[in-house]
Amino acid sequence: MSEDKAIWPPIEPISAGLHGRCPRCGEGRLFSGFLTVGKRCMNCGLDYSYADAGDGPAVFVILIIGFIIVGLALWVEVTLSPPLWLHFIIWIPLAVALCLTALRLIKGVLLTLQYTNKAAEGRLDHEQ
């Protein structure tokens, strides 16, 4: 990630990530597909090659959505006691829809925070 040669206004990283916008200018698209990060910003030309969220978004989504779905399923089971097939019909599609939605949002936020905080791989400093 190279230093910016122009002065860009400060962008709120969480807002830009939730909207899938460029972390530098806040206007260009961050994603070229549903979860595929683009090559560069079409507005300011920022190279997105630094963008690597790894497995972070998936872990957050599994923990957050899993907690919500299991809590709701337990509540419905205790209060209504529906048959098992009804649990499958309700909770599996809801979990898939929530996970896909949350995965894009969290990935965008993590990538914009990575740019804002200049996060990079650890490097050993061999200069003495």
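No more than 12 heavy atoms of other residues, nucleotides or ligands sit less than 6.0 Å from atom CZ of Phe60.
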Give every donor-acceptor pair under 3.5 Å between a side-chain atom in residues 77-85 and any protein atom, sequence neighbours left out.
residue : atom : partner : partner atom : Å
Glu77   : OE1  : His87   : NE2          : 2.6
Thr79   : OG1  : Trp75   : O            : 2.8
Ser81   : OG   : Glu77   : O            : 3.2

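Under the rule for a side-chain hydrogen bond (donor to acceptor under 3.5 Å, both in side chains), the partners of Asp47 that lie at least two apart in sequence or sit in another chain are Ser49. For Glu12, there are no side-chain hydrogen bond (donor to acceptor under 3.5 Å, both in side chains) partners two or more places apart in sequence or in a different chain.
Alongside Val70, the hydrophobic cluster contains Leu74 (criterion: ILVMFWY side chains under 4.5 Å). In this structure, Leu113 shares a hydrophobic cluster with Ile14, Leu18, Leu105, Val109, the cluster being traced through Ile, Leu, Val, Met, Phe, Trp and Tyr side chains under 4.5 angstrom apart.
Within the model, atoms CG of Leu30 and CG of Leu46 stand 9.0 Å from one another, a figure rounded to the nearest 0.5 Å.
Nearest heavy atoms, Leu100 versus Phe34: O-CZ, 3.3 Å. Of all heavy-atom pairs spanning Tyr48 and Arg40, the tightest one is CE1-C, 3.7 Å. Considering all non-hydrogen atoms of both residues, Ile11 and Cys25 come closest at CD1-O, 3.5 Å. For Tyr50 against Leu111, the heavy-atom pair with the smallest separation is OH-O, 3.8 Å. Heavy-atom minimum distance, Arg29 versus Arg21: CG-NH1, 3.5 Å. Heavy atoms only, all atoms of each residue included: Ile65 and Cys99 are closest at CG2-SG, 3.7 Å.
Within the structure, the side-chain hydrogen bond (donor to acceptor under 3.5 Å, both in side chains) test picks out no pair touching residues 93-112 (sequence neighbours left out).
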